[in-house]
Amino acid sequence: MLYKIAHILRDKLPWIWDIIGIINSFLFGLRYGGKMKNIQNILSHFTKVTEEEGNVLSYKIEVLDKGNLSLLAKMFVEQPASAFHFFKPHGFDEQSLKKLVKDKSFLAYIVVAEETNLPKICVGYFFQRSFFWGKSFRGYMTDYRWQLRGINKMMNLCATEISSLLGLRVFGTIAPDNIASMKSAQAANDIQIVKTLSNGDYYVEYRPKRVEQ
């Protein structure tokens, strides 16, 4: 029900959605601000260095902020139209991203890659649109040119650790024919299908993987 209401407000009554967002951002900051200071410790664990064709390539996760959002906007512009078939959570231009960065409840991160003698680029993005009562909704995208390199799994693992730190229950939608998204989510989380939405998408809950005893 909350998922449907949120989409109706966002699409049909954006001014109400904006007011609710301001209030939620303030209350989320009050409730979770102390714990959020420890998120950077989690991000520092998600780095990877590889060597490809003699070049050293490193990946790391950064908080989305005013200093790097242009990298994300550039990534969005360079994606094919098909990349947005399952992914329409917000506007993709720099102005829309600047608005999201100001929202304390919108937890957004990018995966940046740096190659020898080349400037860093954004190759992945994930977010959790969160609410002060303890729920959040996850979404993520990997640059189509950088898929099949473990970036989706890296983002899911990181997002799950952040959720566990804050004590958030995390939900999202996965289209049945988006097999790659389902597989990457299952590699990092225990996925519970809560229900099937009217458009056929699965409404799922992301849970930390259980450790077998």
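Ring geometry, F137 versus F131: the interplanar angle exceeds 60°, so the pair is classed perpendicular (tilted spans 30 to 60°).
At most 12 non-hydrogen atoms from other residues, nucleotides or ligands lie less than 6.0 angstrom from CG of L148. When the shell of 6.0 Å around CZ of F26 is examined, it contains 12 or fewer heavy atoms from other residues, nucleotides or ligands.
Every salt bridge (charged side-chain N to carboxylate O under 4.0 Å, His left out) that R207 has, sequence neighbours left out, goes to E205. Checked against ring-ring contact (aromatic ring centres under 6.0 Å, His included), F76 has the following partners two or more places apart in sequence or in another chain: F92, Y125. Remark: K102 pairs with no residue by the salt bridge (charged side-chain N to carboxylate O under 4.0 Å, His left out) rule, at least two apart or across chains. Partners of N199 by side chain to side chain donor-acceptor pair (under 3.5 Å), not counting sequence neighbours, listed by chain and number: D201. For R31, there are no salt bridge (charged side-chain N to carboxylate O under 4.0 Å, His left out) partners, not counting sequence neighbours. Scored by the side chain to side chain donor-acceptor pair (under 3.5 Å) test, Q147 finds no partners at all (sequence neighbours excluded). Not a single ring-ring contact (aromatic ring centres under 6.0 Å, His included) links F132 to another residue, sequence neighbours left out. Every residue two or more places apart in sequence or in another chain was checked for a side chain to side chain donor-acceptor pair (under 3.5 Å) with K66, and none qualifies. A search for side chain to side chain donor-acceptor pair (under 3.5 Å) contacts involving D177 returns nothing, not counting sequence neighbours. Remark: E94 pairs with no residue by the salt bridge (charged side-chain N to carboxylate O under 4.0 Å, His left out) rule, at least two apart or across chains.
Atoms CD1 and NZ, from I121 and K74 in turn, are 7.5 Å apart once rounded to the nearest 0.5 Å. Distance NZ/K135 to CZ/R169: 6.5 Å, rounded to 0.5 Å. Taken from CD1 in I39 to CD1 in I162, the straight-line distance is 5.0 Å, to the nearest 0.5 Å. Atom CD1 of I61 is separated from atom CD of Q40 by 10.5 Å, given to the nearest 0.5 angstrom. In this structure, OH in Y206 is found 11.5 Å from CZ in F171, a value given to the nearest 0.5 Å. With values rounded to the nearest 0.5 angstrom, K153 atom NZ is found 10.5 Å from N189 atom CG.
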Working for side chain to side chain contact (heavy atoms under 4.5 Å, CB included), residues F126 and R138: CA-CA 7 Å; F126 65 100; R138 180 182 301 176; 5.6 Å; no
Hey, mind stepping through C158 and L43 against side chain to side chain contact (heavy atoms under 4.5 Å, CB included) and telling me if it holds? CA-CA 7 Å; C158 184; L43 301 187; 3.6 Å; yes
Begin with the C-alpha distance, continue with both residues' side-chain angles, and end with the deciding distance and a verdict on side chain to side chain contact (heavy atoms under 4.5 Å, CB included) for L100 and L69. CA-CA 10 Å; L100 293 176; L69 62 81; over 6 Å; no
Are F106 and K99 close enough, and set up right, to give a side chain to side chain contact (heavy atoms under 4.5 Å, CB included), and what steps lead you there? CA-CA 10 Å; F106 193 87; K99 183 178 177 181; over 6 Å; no
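With hydrogens and angles ignored, the 3.5 Å screen pairs no side-chain donor or acceptor of N68 with any backbone N or O of L71. S25 places a side-chain N or O within donor-acceptor distance of the main-chain N or O of K104, the cut-off being under 3.5 Å. Side chain of Q186 to backbone of I191: no donor-acceptor contact under 3.5 angstrom is found.
Hydrophobic clustering (ILVMFWY, side-chain heavy atoms < 4.5 Å, transitive): F46 and V170 are in one cluster. Cluster membership for V204 and L168, using ILVMFWY side-chain heavy atoms within less than 4.5 angstrom, is shared. Follow the hydrophobic side-chain contacts under 4.5 Å out from Y109 and you reach L157 in the same cluster. One hydrophobic cluster holds both I110 and F127 under the rule that ILVMFWY side chains link at heavy-atom gaps under 4.5 Å. Hydrophobic clustering of Ile, Leu, Val, Met, Phe, Trp and Tyr side chains at less than 4.5 Å, counting indirect connections, unites I151 with Y140.
Looking at R145 and V123, their side chains never come closer than 4.5 Å, going by heavy atoms from C-beta outward. Looking at heavy atoms from C-beta onward, K209 lies out of side-chain contact with T160 at the 4.5 angstrom threshold.
Among residues at least two apart or in separate chains, there is no salt bridge (Lys or Arg N to Asp or Glu O under 4.0 Å) pair with a member in residues 32-48. Among residue pairs with one or both ends in residues 114-124, those qualifying as salt bridge (Lys or Arg N to Asp or Glu O under 4.0 Å) are E62-K120; sequence neighbours excluded.
Ion pairing of R129 with D103 is absent here, as no side-chain N (NZ or NE/NH1/NH2) approaches a carboxylate O to less than 4.0 Å.
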